[in-house]
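What you see below is based on every heavy atom in this structure, not just the backbone, and it leaves out hydrogens, waters and symmetry mates. Here is the naming used below: chain letters follow the sequence lines, and residue numbers restart at 1 for every chain.
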Protein chains: 2
Amino acid sequence: MSLKHGLLGLLNYGDMTGYELDKAFKASLNFFWQAQTSQIYRELTAMEKQKWLSSEIIPQQGKPNRKLYKITELGQNELKIWLSSTDSQDDLKVKKVFLMKIFFSAEVSSLETIESLKQYIKQCQSDLDAMALTESTITEYGQTVEDKRNMVYWASTANFGFSYLNLCIHWAQTTIKTLEEIS
Amino acid sequence: MSLKHGLLGLLNYGDMTGYELDKAFKASLNFFWQAQTSQIYRELTAMEKQKWLSSEIIPQQGKPNRKLYKITELGQNELKIWLSSTDSQDDLKVKKVFLMKIFFSAEVSSLETIESLKQYIKQCQSDLDAMALTESTITEYGQTVEDKRNMVYWASTANFGFSYLNLCIHWAQTTIKTLEEIS
DNA sequence: TGGGTCATGTAACCTGTTACATGATTAG
DNA sequence: CTAATCATGTAACAGGTTACATGACCCA
């Protein structure tokens, strides 16, 4: 139940429609939390039912109406409770199909595995570019937010992303070297 | 759809019951893929229906019967197809509630955040111990498997685990330092 | 005598994914 | 003229989580 809290966190910065939230989410939290647009709409409906949010319909001419969501006091409380709570050991684990494939790779040739690893490195590198973009978006947006302490936290999560992707690349290179030595 | 393939991979080493698979899974793949016991049973039932597995009931006196699963030729094919396929960009991302909390931590005090980070470091350290245990289990088991190439791949995934946890610790320490400097 | 392990699951629920629908406006 | 963008979603399904059930054995 963290997507809801992520959305609360974003709405705490300011009112937004589902559409805007979807874009804000994908521009900021997407590296460490992924969500489908349809899922965001579903959660918003549920959150309004829970009274964490209220909404206001704003008619537009030509375009469909905007449904602007606003965090309620109850929602702000919930956000703070969540921020202060300590969960969870799950966070140490990683869900990584690629590692599972590597685990079983004795079933295929080393050459094939080396190819996959090289492919993987390329993907990591293009993700590093995407991270750099996310970072600059965040930095830019940070200028407009009053509480400058946000910047420190946003930068810290971005740093995690960079270090993580660099780790992946380094790990894949080391694995390739090992495979080349034994074959 | 990767839990099924993980189970196929394990059954490719030898026949096992659901119970044994659950333990084998948790002793080896658990770091990069997590699964509930009940989920494993559900997937096994589905996989037998798909003809990826066959099963044999072995009566025991006193204890409940053992239901021993065996990978079929169809299952072995499926495993190889999966191992040779290239998915997926999802693998670059991370799902980490903790990072989402850090992102929004300007809402709580720096002291509270520093506390959470210290707590987090402790968790990482105890997970490092668990990883060391997993690694030695795998190494031991590796002695009994014919194809020694398995060892290389298993070691590589374990290395990823160690590097990752060390990265988490290092990142948390750096973040604490930054927070201490500004407060 | 009470708790842990062996071994099998079921049921209900929550979360995430994929595919589709609508219909006007604007940019290339 | 075509594709993308704006803005809202629904439906069906797949995958993951939590809680519970059974019953005998073994160990302290």
Length of the [atom1]-[atom2] vector between [X] and [N], whole Å:
X	N	atom1	atom2	answer
A/Lys26	C/dT17	NZ	C1'	12 Å
B/Met16	C/dC6	CE	P	15 Å
A/Leu3	C/dC14	CG	C1'	12 Å
B/Lys4	D/dG16	NZ	C1'	12 Å
B/Trp33	D/dT17	CH2	P	10 Å
B/Ile58	C/dA7	CD1	C1'	13 Å
B/Arg66	C/dG9	CZ	C1'	16 Å
B/Asp22	C/dG9	CG	P	12 Å

- Mutual orientation of the aromatic rings belonging to A/Tyr13 and B/Phe104 [parallel < 30°, tilted 30-60°, perpendicular > 60°]: tilted

- Query: For the residue pair A/Tyr164 and B/Tyr164, does the interplanar ring angle fall in the parallel (under 30°), tilted (30 to 60°) or perpendicular (over 60°) class?
  - Reply: perpendicular

- Do side-chain atoms of A/Lys101 reach the backbone of B/Leu83 as a donor and acceptor pair under 3.5 angstrom? no

- Just by modelled atom types, is the B/Glu20 backbone N or O under 3.5 Å from a matching donor or acceptor in the B/Thr17 side chain? yes

- For DNA chain C, determine which residues of residues 36-50 of chain A have any heavy atom closer than 4.0 angstrom to one of its atoms, and list them numerically. A/Gln36, A/Ser38, A/Gln39, A/Arg42

Could you check whether [Y] and [X], counting side-chain N and O atoms only, form a donor-acceptor pair closer than 3.5 Å?
X	Y	value
B/Thr37	B/Lys26	yes
B/Glu48	B/Ser54	no
A/Trp171	B/Ser156	yes
A/Arg149	B/Ser110	yes

- First of B/Lys67 and B/Lys95 reached from the 5' end of DNA chain C, by closest nucleotide: B/Lys67

Below 3.5 Å between N/O atoms, which protein atoms pair up with nucleotides 4-6 of chain D? Just atom names and distances, please.
{"from": "D/dC6", "atom 1": "OP2", "to": "A/Tyr19", "atom 2": "OH", "distance (Å)": "2.4"}

- Query: Are B/Phe98 and A/Trp33 near enough that their ring centres are under 6.0 Å apart?
  - Reply: no

